[in-house]
Each structure stands twice: as structure tokens, then as C-alpha cells.
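Written out below as C-alpha cells is the structure these notes cover.
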Amino acid sequence: MARHLITSAIPYINGIKHLGNLVGSQLPADLFARYQRARGNEVLFLCATDEHGTPAELAAAKAGKPVAEYCAEMWEVQARIAEGFRLSFDHFGRSSSDQNRKLTQHFAARLDDAGLIREVSEKQMYSHADGRFLPDRYIEGTCPNCGFESARGDQCDNCTKQLDPVDLINPHSTISGSTDLEMRETKHLYLAQSKMKDQLEEWIDTRDSWPVLTTSIAKKWLNDGDGLQDRGITRDLDWGVPVMKGDAPWPGMEGKVFYVWFDAPIEYIACAQEWVDAGKGDDWQRWWRTDKGAEDVRYTQFMGKDNVPFHTLSFPVTILGSGEPWKLVDYIKSFNYLNYDGGQFSTSRGRGVFMDQALEILPADYWRWWLLSHAPESSDSEFTWEGFQQDVNKDLSDVLGNFISRVTKFCRSKFGETVPDRGAPGPLEQKLFKDMDAKLTEYEAHMDAIDIRKAAAALRALWVMGNEYLQEAAPWSTIKENPEQAATQVALALNLVQFYGIISAPFIPDAAATIAAAMRHEDTRWPQSLDEALGRLEPGHAFTVPDNLFTKITDDQRADWQARFAGTRS
RNA sequence: GGGCCUGUAGCUCAAUUGGUUAGAGCAGGGCGCUCAUAACGCCUUGGUUGCGGGUUCAAGUCCUGCCGGGCCUACCA
């Protein structure tokens, strides 16, 4: 039995994520986790909230709450929405956990012992009115290059010139508007990534068939300009993991915290500890320590393309640099972005559909199916309401839902709600078995390779085969001349229904559960062969006709939603 | 500016890594079926592969120059 450690990029705490965020990490990770479990493999699937950093502090201030309280509440909100989408995390942790604090401090100590941490004294913009150092992008002013008045301290949005906050004319804080700013000396810890450049590059070069997107981004960072740069891993903030060297104070670093991008990936490990401490498991080290049972684990990470540098470079430096036998990632599945109706999803402008809103208007399966079957794997992809309505109605209602409906209702009217007696398969059935066997193999191959759109297409093709078979077998005709043959055909078709529930479960778990309940057969073992899988419902087995699995999206609904989500989120 | 990705049918995407006549789904058109959610099946229209050069027996695929879209560019996370 293979063992799969699966992590999704951890969503930031300051608000509810949109569908683009969902399809870029959590949802495909869940698909893979569900599939591997269904195949009978051992899976540990982890996700968490990423809670530290300036944006969290500001969001909390805006909500008028202490940041810890704000984060605790938002964690609840995100956890509930994740359940709504049926994201099957074994544990949904928090980067602010004690476990992560200790582990982050531990890694920092190990890295320092290995000579991979250096102190750097630098000047940063301090705002007296805000009482804090400000990241460059929280400072705005007039661009010295083009005169644009809302240029950010890191880059001018108008002329795209790279800036330094001191370059700005009339700089002010975007938080308070204050112009009472000064450059202050401050000391920070830097992770000496450059020392490990060769080791990193060798590691990346030996990774097998990673997505182009993943390796090209990593290579760029490794070789661009002067090569891989060292990176500041501390910040002057209150909210975060206090800078400590293991259990000991870090002289000169009092009052500082680690940078979120240092502690966030470490949460992948800490989350496994949280999983154990929550009583859900009893040994996290056999997933994370190659000296304690993790050498046969296959570790797969899922993330949007913006997260790739941290997962291919910084986090591996943390792991490798520690000199301890932690499990390194085996495969990084990265995604492009999902656009919304000709533009980008926008959190700030409320453009697009957010996870909570999506669940308010339609069940999770609709979103799961559409998003996964259109996952932005090779390039950015696009959500339009027309496309969504058409695809979901056709695939889920017409092809799959209607198949289940026509089969179960036909059987009920002619044979009652039990599986009828079944004779030997004829040529038509043998051909079906052969074709489906090939398509199932293809489906499994795509799922194994995490080729999501191709997997969805193969699954849909399997659904279509049921309709093709029914059309050709035409039990509504054969029943007039040859009731035994009709019975055989219907018994097979009922088994197809059951079979579809099992193989579709990773994509549409709720519908799969409904099918299993209706067929009164909770056996979800993955098919060993078509013969075996299509023989599980035996003659005489009772079932019930389910309600229509998927109601169609009407034109009125579509128009309504289109208008509702076009602009500002209320 | 630099780097990477991308451009294939009205729409969303394929094309075994240079190999026959560029394929699917949706949408459109025709026929069939009547079990079913006006569903299903079969057939079918539709392409100068963004544009111009080049390499090659052979180019959607490689090179080059334009044009368009996107992302990243290290202090948002």
C-alpha cells in the first residue's frame, strides 16, 4: 500500500477566498487525496490557515478585534467553508499554533548552527502615526518617474518602474494616510539561500517530470541576475512567531517575529503534529521523518504559481539546511489562474464568486465538477456564467444525472425496485466491458499523473458509454419480445449506476454518496476489473429511485448571478 | 526593461514531444429513439494552427522577427 502525504498551499487568514484560490490548490489537492484513498492507499492530507503578517494585523484592526481573536474567528469561517466544499483534510491547522511556533524556532536554531543565518542591519520606513514599520507596498506617493500619484513603495502601478519608498515624492502611509514617516535602522535575520544554490539546483534538476510551470519559475529565481538571493526571514511586527533560537532568546532580535513565508511552510509539518495532538492520529513522524518511517512516503504539494518560489527554494533550504532527515517534496503540482468573465477575480473589488457565496447558490458538487474539469493547468482559464451553466447542465444533469434517472425509473416501472435476474452477457455487453475497461485505465492513468482536466474528460466519457449502451440495448424495446434479455440489460445498467458512484466520488462526493445510498450499497472499493465492479449488485438486491441528482441551472438564475457577482461585493 | 508561459473550430481545450487527412466536448444543422431531468443516440457543418520569414523529405510542434494575452521580477501573502 502506497503512502501519500498531500498538502495544499495554506490560504491566508484575512478573508474568504474566491473560486480562483480554491481551484489553484485546495480543490485539486482534495481530488488527489480522495482518489488515493479510494485506491486503498494511505493518505495524510493537510491544510491550514496562514495567519501571520501585516495584512492580518490590519484586517483585525479594521474589524476592531485583537488579532488573535480575529484569526480564531476567521479560521472557523474558513474551516466551515472547507467542509461545505467537502475538502477532506485530515486536519485543518493554524500556522499560529504552538506546534508551529516551536518548530519554526527549532528550524531557525538549526539553520543558524549550520551557518545559514546572518544578521543584516538595514533601514526601513517607520510610521509614527501607525506605530509600526511599513512594508514598501503600504507606502504610497507620487512616482518620481512618471508623476503617477498613487505609486506604491515597491513599484509604480502606472509605469511599472521598480521603486524604493524613499524615491517617492510626498510619501504617506496607506493605512493612516500619515506623512510622518522616517527611515529607521533595524536589524534582521537573513536566510543564506545563496550558499545552497548548487545543492538546490541539483535537487530540482533531478526531480522527475515536474510541471514546466514549476521548474521554470524555480530556475528563474536560481539563475536570474546575480543568482539566488538571501532572504530576510524576520519582521518588525507583534503578530507572528517570536524570533527565538530554539528555546533560547536571540540577542538583538527582541520584539521581532519570523516572516510569514518562513513559518508558513513549516506549518505543513506542524500541522501533522496538530493532527496527532487533536487525537486524529498517533504518529506524525512516520510521515515527515525519513529516519522514522517516512522514507516510503510520496509527498505531493499543490499550489498556485505565485507560491512556487517559496516551495521550490526557501522551504527546501529550510529543510536541507537543517541537516535533519525531514521529508522533501516529491512532486509539486502548480496551477495558473482562473479568470472571471474577461478579467481577474478581485478580492478588493469584490469581483467574481467567493467561496461562501458559491455555496449559497449551488451545492458543492456543481463547483467541484466545473472547476476541476477546467483546472488552469496549462494556462490561465476562464470562468463565464454561460459556460458554467452549459457545462454543468450537460455533464451533470443530462449525461450523468439523467442516466441514473432513466435506468432506475425504467427498472422500477417494469421490474420493481430490485435488481432483476441477469443472464449471460451478449456481444453488446462484452464490447461495453472492453471499451469501459480501456477508458477506466485511461482515467486512472490521468488521476495518477494528476492530469486533472484529462481525468475529468475520461470520467465523462465513461458516463457517456452508459447512455450509448442503453440506446443500443434499448430495454424498452427488448422487454416486449424478450423480457429476460431486458432484465439482463437493466441489471447491468443498475450496476453501471453503482459503478459511476464509486469512480466519480473524488470529483463529486455528495452525488456519489447519494448514489450509494439509493442503490443501498455502501461498498466503495475501487473497481478491480469491470467484470467484478459491474457484478456487485446481484439479482434480488433492493434499491430506491433517487431524486434527480442535479437540477439544472435556469437562464433566469444565470442572469441573476451574472448581475450579482459582476461588481462590488456587498 | 528582463525572464517565463500562452495564441489551434463561434466557445473551452487536445494533438503520443518533428511524422499520414490537426482531434474532442459544448454551441449550430439533420435524422433516430421514447426508458429518462425537452433528456439520450447517430450523422454532420465548422480550421491558411495570431502574422511574416527560415530549417527540414516532413512544422501546430524547431529557429527568427513582429502582434496580442498572462504571470513573475525577491518588502503583499
Side-chain angles (χ1 to χ4, degrees), chain A residues 9-14 50-56 58 122 124-125 133-139 152-155 159-162 164-165 188 193 212-213 215-217 219-221 223-225 228-232 235 259-261 264 304-310 313-314 336-337 339 344 370 373-374 376-384 386-391 393-399 401-414 453-454 456-457 460-461 464 466-477 479 486 489-490 493 545 547-552:
Chain A
I10 65 179
Y12 199 64
I13 194 72
N14 68 340
D50 178 14
E51 305 194 359
H52 297 135
T54 309
L58 297 179
E122 57 195 8
Q124 288 192 358
M125 203 62 97
F133 283 93
L134 294 177
D136 293 351
R137 66 160 44 204
Y138 286 99
I139 297 159
R152 289 194 325 225
D154 54 344
Q155 183 179 41
C159 67
T160 73
K161 186 178 169 59
Q162 305 279 310
D164 202 279
H188 283 297
Q193 302 184 131
V212 188
L213 189 62
T215 47
S216 66
I217 291 173
K219 289 288 208 175
K220 170 69 179 0
W221 281 58
N223 299 311
D224 193 39
L228 186 62
Q229 301 297 297
D230 294 345
R231 189 166 190 116
R235 292 290 183 271
Y259 177 42
V260 275
W261 264 115
K305 57 185 167 188
D306 51 332
N307 279 339
V308 169
F310 302 100
L313 306 170
S314 316
N336 289 282
Y337 293 142
N339 289 319
Q344 296 188 341
W370 193 90
S373 61
H374 293 79
E377 291 176 298
S378 57
S379 64
D380 291 353
S381 66
E382 171 132 336
F383 176 92
T384 63
E386 288 85 354
F388 176 69
Q389 178 194 21
Q390 251 169 26
D391 294 338
N393 285 352
K394 191 70 185 174
D395 298 347
L396 297 182
S397 298
D398 297 345
V399 176
N402 181 57
F403 176 78
I404 290 161
S405 181
R406 66 196 296 209
V407 168
T408 53
K409 285 174 184 170
F410 182 77
C411 182
R412 180 174 62 186
S413 75
K414 305 298 181 190
R453 281 183 313 204
K454 287 179 183 175
R460 187 189 189 280
V464 166
N467 283 309
E468 289 171 346
Y469 169 74
L470 219 53
Q471 182 67 27
E472 231 182 308
W476 49 89
S477 297
I479 196 160
Q489 293 165 339
V490 168
V545 174
D547 292 336
N548 286 342
L549 258 73
F550 301 99
T551 52
K552 292 196 190 189

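Each chain gets a letter, A, B and so on, in the order its sequence line appears, and its residues count up from 1.
For the P atom pair drawn from G50(B) and G60(B), the interatomic distance equals 10 Å after rounding to whole Å. Comparing A27(B) with G70(B), their P atoms are spaced 29 Å from each other, to the whole Å. Distance check on atom C1': C40(B) versus C4(B) gives 46 Å, rounded to whole Å. C31(B) and U45(B) have their C1' atoms separated by 15 Å, given to the nearest Å. Nucleotides A9(B) and C26(B) have their C1' atoms positioned 12 Å apart, rounded to a whole Å. With P as the reference atom, U48(B) and G1(B) are 32 Å apart, rounded to whole Å. The gap from the P atom of C43(B) to that of A24(B) amounts to 10 Å, rounded to the nearest Å. Nucleotides U61(B) and G23(B), compared at atom C1', are 15 Å apart to the nearest Å.
Residues Pro309(A) and Ile217(A) form a side-chain contact, since some pair of their non-hydrogen atoms from C-beta on lies under 4.5 Å apart.
Taking atom CG of Asp395(A) as the reference point, atom C1' of C13(B) lies 13 Å away to the nearest angstrom.
At the heavy-atom level, Glu472(A) lies nowhere under 4.0 Å from the strands shown. If you check every strand for non-hydrogen atoms under 4.0 Å, Glu377(A) touches nothing. Residue contacts for Lys219(A): at a heavy-atom cut-off of 4.0 Å it reaches no nucleic acid atom on any strand shown.
At A77(B), one or more side-chain N or O atoms of Tyr259(A) fall inside 4.0 Å of OP1 or OP2 (strictly under the cut-off).
In this structure, U21(B) shows a glycosidic angle more than 90 degrees from zero, which is the anti conformation.
Base pairing in RNA chain B yields stems of at least 3 consecutive Watson-Crick or G-U pairs, both distances under 3.5 Å, namely B:1-7 with B:67-73, B:10-13 with B:23-26, B:28-32 with B:40-44, B:50-54 with B:62-66.
Of the residues near RNA chain B, Asn336(A) and Pro11(A), the one whose nearest nucleotide (by heavy atom distance) lies more toward the 5' end is Asn336(A).
Side-chain contact check for Ser405(A) and Lys409(A): at least one donor-acceptor pair (N or O, by modelled atom type) lies under 3.5 Å.
Among residues two or more places apart in sequence or in another chain, the side-chain hydrogen bond (donor to acceptor under 3.5 Å, both in side chains) test is passed with Tyr469(A) by Glu429(A).
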For this session: Assign a letter to each nucleotide of nucleotides 27-39 of chain B from its 5' end: B, base within under 4.0 Å of a protein heavy atom; S, sugar-phosphate only; -, no contact.
Result: S----BSSBBB-S

